[in-house]
Amino acid sequence: MNEDPHSADTANHPSQTVRVELGPRSYDVVIGAGLIAEAGERLAALATGRTVTVITDETVAGLYLGALEDSLRRAGIAHRSFTVPPGEASKSFDVYEKLAERILAAGIGRESIILALGGGVVGDLAGFLAATLLRGLDFVQLPTTLLAQVDSAVGGKTGIDTRQGKNLIGAFHQPRLVLADIAALETLPQRELRAGYAETVKYGLIGDENFFTWCEANALSLLKGERALRAQAVRHACYAKAKIVAEDEREAGQRALLNLGHTFGHALEAETGYGEALLHGEAVAIGTCIAFDLSVELDFCPADEASRVRAHFAAIGLPTALDAPQLGRRLPGPDALIDRMASDKKNKLGALRLVLARGIGKAFLAEDIDSEFLRDFLGRAVAA
Ligand code: NAD
Ligand code: GLY
């Protein structure tokens with residue numbers, strides 16, 4: 001794994017900090033075990049004299065809301081909490097509207113801080129509420145899934161889904177602080193951990209072959225529960241993401257590479273109804289394998305590198321192909337997939353843009369993918 005300035009073993013330190021450098025909107029991502037119980041003191045400088053509005057989901061509330069509220073109480077920080085049902089369906093207009101009404105009815109002022117306690121669903125929804133309520137409130141992320149700790153809690157993308165596709169309504173709204181409590185991953189089901197792992201290994205696939213090699217050696221122990229490895233991976237991912245976000249906050253260029261596998265993945269999620277059938281990270285895993293296969297087909301990438309990616313995903317139990325059992329009988333055809341992909345935010349003037357790879361660690365944004373060629377390729381992928 002590439003060394004970064006934060007490369008000391010996080011497990012032997014109380015916590016480590018990665019800085020996201022965005023001028024006056026810069027913020028820290030703190031990574032360590034036990035941060036939920038320390039949230040009050042860590043928030044004191046930002047939140048003293050203000051009200052914290054905690055947004056979480058029912059599952060996470062049952063596990064961690066008590067510890068968070070105790071900590072806020074001990075620090076003398078006024079707070080109130082709102083829960084939504086767990087799952088992608090909470091990133092909807094309906095839940096957004098009801099939650100906004102409940103928060104406004106309870107009374108909220110411009111000094112309030114929105115605190116997201118949960119996975120990427122809670123983070124994206126709470127972040128969008130923070131971006132829009134009273135034209136913008138301060139926002140803190142307390143991510144509790146691997147996916148949220150390595151990706152969604154950092155970088156300020158917030159939003160909800162619509163019938164037309166994922167994250168099509170949203171805003172860039174950076175948090176003021178991110179507290180990634182590694183210990184919270186210990187209650188996360190294995191399937192969710194694996195789904196989050198797909199967003200972890202992508203930092204290796206897009207620009208850092210050494211990190212991919214590190215992942216090949218360590219992923220199984222990481223998934224089994226080795227805290228030091230989890231901390232190391234989260235820190236490395238946050239460091240990589242912070243660097244990309246600092247250089248391209250609004251995705252004018254290289255930030256789009258973080259969407260490796262997502263154009264296909266989002267289409268699969270839409271086809272499967274954004275539910276438990278296919279988790280976001282699982283869709284990304286299939287999409288990443290398809291992106292590598294397409295890169296081979298277009299002569300960008302050596303075939304053995306695509307095979308190495310698929311073999312690694314399969315070894316840790318991630319789905320790798322369009323016939324994955326998670327898709328069940330809902331196997332989409334190429335036309336349905338292309339229709340879904342047409343609404344992707346990366347597209348420019350109606351032309352499809354995809355993240356492809358010249359090899360492991362060599363992702364690039366491909367313009368002008370011929371849709372007939374893609375239809376034929378996807379038709380063969382579905383039939384394989
Ligand atoms: P999620 O938020 O639905 O969490 C997964 C499940 O785990 C939920 O049922 C939740 O209740 C449960 N859970 C959360 N923390 C737990 C814990 N510590 N112990 C036990 N259970 C726990 O899903 P996710 O995978 O975290 O996030 C997926 C979402 O993130 C998608 O909507 C995706 O679009 C979004 N995303 C956003 C960005 C971004 O940059 N904003 C990046 C990647 C993904
Ligand atoms: N998860 C992609 C991004 O933050 O840009």
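First listed ligand is number 1; within each ligand, the first listed atom is number 1. This one's a predicted model, so the numbers in the text were calculated from it and none came from an experiment. One is the number of the first residue; the rest follow in order along the sequence.
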Does Lys166 come within less than 4.0 Å of Glu88, counting only side-chain N to carboxylate O?
yes

Return yes when Lys241 approaches ligand 1 closer than 4.0 angstrom through a heavy atom, no otherwise.
yes

Is the contact between Leu147 and ligand 1 made by the side chain, the backbone, both, or neither, using heavy atoms and a 4.0 Å cut-off?
side chain

Check: Glu69/Ser81 side-chain N/O donor and acceptor closer than 3.5 Å
yes

Which ligand 1 atoms are under 4.0 Å away from a heavy-atom of Pro86?
9 (O), 11 (O)

Does only the side chain of Thr158 get under 4.0 Å from ligand 1, or the backbone, or both, or neither? Count heavy atoms.
neither

Scanning both residues in full, the closest heavy-atom pair of Leu137 with Ser112 reads CB-O, 3.8 Å

Best match, Val84, Leu258, Thr145, Thr187: closest heavy atom to atom 26 (O) of ligand 1
Thr145

Assess the residue pair Glu282 and Arg194 against the criterion (salt bridge (charged side-chain N to carboxylate O under 4.0 Å, His left out)); give the C-alpha distance rounded to whole Å, side-chain angles, the decisive distance to 0.1 Å, and a yes or no.
CA-CA 8 Å; Glu282 293 171 338; Arg194 279 197 299 270; 6.0 Å; no

Starting from atom 15 (N) of ligand 1, which protein heavy atom do you reach first, and at what distance in Å?
Thr144 OG1, 2.7 Å

Does the distance from a Lys or Arg side-chain N to an Asp or Glu carboxylate O, for Arg375 and Asp335, drop under 4.0 Å?
yes

Within a distance under 4.0 Å of any heavy atom of Tyr64, pick out the atoms of ligand 1 and give their elements.
18 (N)

Proximal atoms of ligand 1 relative to Asp151 (non-hydrogen, under 4.0 Å):
42 (C), 43 (C)

Check ion pair Arg50-Glu111 (N to O, under 4.0 angstrom):
no

Between Ala184 and ligand 1, does any nitrogen or oxygen pair lie at a separation below 3.5 Å?
yes

Can you tell which part of Leu188 has a heavy atom less than 4.0 Å from ligand 1: side chain, backbone, both or neither?
both

Side chains of Tyr64 and Thr187: any donor to acceptor distance under 3.5 Å?
yes

Considering only heavy atoms, does His280 approach ligand 1 within less than 4.0 Å through its side chain, its backbone, both, or neither?
side chain

Proximal atoms of ligand 1 relative to Leu63 (non-hydrogen, under 4.0 Å)
19 (N), 20 (C)

Under 4.0 Å, counting heavy atoms only: does Lys241 come that close to any atom of ligand 2?
yes

Going by distance only, is there an N or O of Leu185 that falls short of 3.5 Å from an N or O of ligand 1?
no

Per-atom contacts of ligand 1 with Asp124, taking only distances under 4.0 Å to non-hydrogen atoms
35 (C), 36 (N), 37 (C), 39 (C), 41 (N)

Any idea which atoms of ligand 2 are less than 4.0 Å away from a heavy-atom of Asp151?
1 (N), 4 (O)

If you have a sec, work out which protein heavy atom is nearest atom 1 (P) of ligand 1 and how many Å separate them, to one decimal?
Val121 CG2, 3.8 Å

Gln190 CD: over 12 foreign heavy atoms closer than 6.0 Å:
yes

Should the pair Arg308-Glu209 be classified as a salt bridge under the 4.0 Å nitrogen-to-oxygen rule?
yes

Side chain to side chain contact (heavy atoms under 4.5 Å, CB included) partner of Phe264, chosen from Ile290, Leu322, Ile286
Ile290

Those atoms of ligand 1 less than 4.0 Å from some heavy atom in Thr59
11 (O)

Considering only heavy atoms of Leu258, which atoms of ligand 2 have at least one such atom less than 4.0 Å away?
2 (C), 3 (C), 5 (O)

Do the side chains of Val54 and Phe82 get nearer than 4.5 Å, heavy atoms only?
no

Quick note on ligand 2: atoms under 4.0 Å from a heavy atom of Arg255 include exactly 3 (C), 4 (O), 5 (O)

Under 3.5 Å side-chain donor-acceptor pair for His280 and Glu269:
yes

Return the closest protein heavy atom for atom 38 (C) of ligand 1 as residue, atom name and distance.
Ser152 CB, 3.1 Å

Gly120-ligand 1 polar pair, N/O distance under 3.5 Å
yes

N/O separation below 3.5 Å, His262 to ligand 1
no

Identify, for atom 32 (O) of ligand 1, the protein heavy atom at the shortest distance, and state residue, atom and that distance.
Glu88 OE1, 2.6 Å

Does Arg358 make a cation-pi contact with Phe364, if we ask for NZ or CZ under 6.0 Å from the ring centre and within 45° of the axis?
yes

From the list Glu249, Gln141, Lys157, side chain to side chain donor-acceptor pair (under 3.5 Å) with Gln174 holds only for Glu249

Provide the number and element of each atom of ligand 1 under 4.0 Å from a heavy atom of Lys91.
31 (C), 32 (O), 33 (C), 34 (O), 35 (C)

NZ/NE/NH1/NH2 to OD/OE distance under 4.0 Å, Lys98 and Asp94
yes

At under 4.0 Å between heavy atoms, what of Glu58 touches ligand 1? The answer is neither

Where ligand 1 meets Gly119 - atom numbers and elements under 4.0 angstrom, heavy-atom basis
2 (O), 26 (O)

What do you reckon, does Glu199 have a nitrogen or oxygen under 3.5 Å from a nitrogen or oxygen of ligand 1?
no

What's the shortest distance from atom 6 (C) of ligand 1 to any protein heavy atom, and which residue and atom give it?
Glu192 OE2, 3.5 Å

Protein heavy atom at shortest distance from atom 11 (O) of ligand 1:
Asp57 OD2, 2.7 Å

Can you check which of Gln141, Arg255, Lys166 brings a heavy atom nearest to atom 34 (O) of ligand 1?
Lys166

Between Phe211 and His236, is a ring-ring contact (aromatic ring centres under 6.0 Å, His included) present by the stated rule, with each step listed?
CA-CA 9 Å; Phe211 183 58; His236 189 85; 4.3 Å; yes

Determine, for Arg227 against Glu186, whether the closest basic-nitrogen to carboxylate-oxygen distance falls under 4.0 angstrom.
yes

